[in-house]
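Taking it in order: structure first as C-alpha cells, then the write-up.
Residue indices begin at 1 and follow the sequence shown.
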Amino acid sequence: IDLAGDDGVLVPAFRLLLGAASPVFKKMLYGDFAEANKSTITIQGANQKMIEALVEFSISDKLNTDSWKSSDSSETVLDLVALSKLSHRFELKRLRTVTEDYCAKLLVKAPELACCMFAASCPFSTPNIHRDALEAIRQKPYETLTRRSSLSSESIACLSPERLTMVLKDDQINAPEIFLFERLQD
C-alpha cells in the first residue's frame, strides 16, 4: 500500500504493520471502509516527512529524529506537532508519547520556540505539548516572548489572536504586565 499526504508524494507502507500499530488503520485497512480496497490512501494534513516517520515508527517503534536534530527551528516544531496530531488521529499512543517527549526536550534546548509550539498545538489533540509550551512561556517569558523584529515564526508575532489573548490573560506569566505590552508594540 502507498500513503500520500497533501504534497502528493507516495510513501510505501505495509498494510499489516500499519494495522498492527494502529487500531484506526486496522479498521480502515481491514474493515468495511473504502480504504480497505485501495492501493493508495491519502492522509490529509500530513506531508511526506510525517508519513515516512509514521511508517517507520509502525515498523520499528522508533522515531528517527536525525532530520530534526540538525534544526531547532519553527519548521521542526511544526512538523513534530503535526506528527503528534497525526499520532492522535490514528491512535498511535507510543508515537504520540515520543513526539511529546521530543517537543519537551526541544523547549528546554530552545525556549524561543515556545510561541511557535503553543500556536501549533491544540489543547485537545496535543494537550501535553500545548501545556508544556504554555508553561515555558510562563516560566521564561523573556526568552520565549521574543520581539516581533525576530523571525516572526519564532516570536510572539506567530500567535493567533486567540492564543495571544490566552497569554495576555494568563496570570502565571513571570513578567510584569508592561513587559507583555512592550513586546506587542515592537
Side-chain angles (χ1 to χ4, degrees), residues 1-29 33-107 109-110 112-133 150-155 157-160 162-163:
I1 189 166
D2 289 318
L3 302 178
D6 296 333
D7 55 10
V9 177
L10 297 178
V11 177
F14 297 99
R15 191 179 289 266
L16 179 68
L17 293 175
L18 289 174
S22 160
V24 175
F25 273 123
K26 184 177 182 180
K27 289 175 187 171
M28 282 174 58
L29 300 173
F33 291 90
E35 291 85 359
N37 298 316
K38 290 185 176 181
S39 60
T40 301
I41 297 174
T42 301
I43 300 178
Q44 295 179 347
N47 62 29
Q48 177 186 2
K49 191 174 186 178
M50 287 183 277
I51 293 174
E52 285 174 345
L54 185 144
V55 169
E56 186 174 336
F57 195 85
S58 71
I59 294 168
S60 67
D61 200 40
K62 290 185 173 42
L63 179 62
N64 181 353
T65 57
D66 290 343
S67 60
W68 290 311
K69 282 184 182 176
S70 61
S71 174
D72 295 336
S73 68
S74 57
E75 182 182 337
T76 299
V77 167
L78 295 175
D79 282 346
L80 286 168
V81 173
L83 183 58
S84 189
K85 288 178 181 178
L86 199 62
S87 68
H88 172 75
R89 185 170 22 152
F90 289 100
E91 297 181 22
L92 291 157
K93 293 176 184 174
R94 173 91 175 100
L95 178 58
R96 185 174 176 182
T97 299
V98 169
T99 56
E100 290 170 347
D101 291 348
Y102 193 86
C103 284
K105 289 176 186 171
L106 191 57
L107 280 173
K109 185 175 169 185
E112 67 275 8
L113 296 173
C115 282
C116 177
M117 197 174 292
F118 186 61
S121 62
C122 170
F124 306 107
S125 61
T126 55
N128 293 339
I129 294 172
H130 187 80
R131 180 203 62 226
D132 291 349
S150 305
L151 186 61
S152 65
S153 61
E154 296 178 7
S155 71
C158 75
L159 296 175
S160 68
E162 176 189 343
R163 297 296 163 90

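- With sequence neighbours excluded, no residue forms a salt bridge (charged side-chain N to carboxylate O under 4.0 Å, His left out) with R131.
- Considering CG of L106 and CG of L113, their distance stands at 5.5 Å, rounded to 0.5 Å.
- You'll find the side chain of L29 reaches within 4.5 Å of the side chain of I41, heavy atoms only.
- Among all heavy-atom pairs drawn from P23 and E91, the shortest one is CG-OE1, 3.2 Å.
- The distance from atom CD of E35 to atom NZ of K27, rounded to the nearest 0.5 Å, is 13.5 Å.
- Counting all heavy atoms, side chain and backbone alike, I43 lies closest to R89 at CG2-NH2, 3.9 Å.
- Taking the side chain as every heavy atom from C-beta outward, L18 and M28 never approach each other to under 4.5 Å.
- Here the CG atom belonging to L78 is positioned 12.5 Å from the CG atom belonging to L83, to the nearest 0.5 angstrom.
- Within the model, atoms OG1 of T99 and CG of L63 stand 7.5 Å from one another, a figure rounded to the nearest 0.5 Å.
- Listed here is the closest heavy atom pair of L92 and S22: CD2-CB, 3.8 Å.
- Note that SG of C158 and CZ of R163 are 10.5 Å apart. Values are rounded to the nearest 0.5 Å.
- At least one side-chain heavy atom of D79 sits less than 4.5 Å from a side-chain heavy atom of N47.
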Contacts table for residues 114-125: side-chain donor-acceptor under 3.5 angstrom, sequence neighbours left out:
unit_1, atom_1, unit_2, atom_2, d
S121, OG, M117, O, 3.0
S121, OG, F118, O, 3.2
S121, OG, H130, ND1, 3.2

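- Taking every heavy atom of both residues into account, C103 and L80 meet most closely at SG-CB, 3.8 Å.
- Side-chain N or O atoms of T126 include none that pairs as donor or acceptor with a backbone N or O of I129 at under 3.5 Å.
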Please tabulate, for the side chains in residues 51-59, all donor-acceptor contacts under 3.5 angstrom to protein atoms that are two or more places apart in sequence or on a different chain.
unit_1, atom_1, unit_2, atom_2, d
E52, OE2, Q48, NE2, 2.8
S58, OG, V55, O, 2.6

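- To the nearest 0.5 Å, atom CZ of residue F90 and atom CG of residue L95 are 11.5 Å apart.
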Requested in this report: Would you sort out whether D61 and R94 count as a side-chain contact (heavy atoms from CB on, under 4.5 Å), showing the intermediate values?
Outcome: CA-CA 8 Å; D61 200 40; R94 173 91 175 100; 3.3 Å; yes

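- Two residues are said to be in side-chain contact when any heavy atoms from C-beta on lie closer than 4.5 Å; D101 and T97 meet this criterion.
- In this structure, R96 and E100 have side chains that are in contact, with non-hydrogen atoms separated by less than 4.5 Å.
- Across all non-hydrogen atoms, the minimal contact from P12 to D2 is CA-OD1, 3.3 Å.
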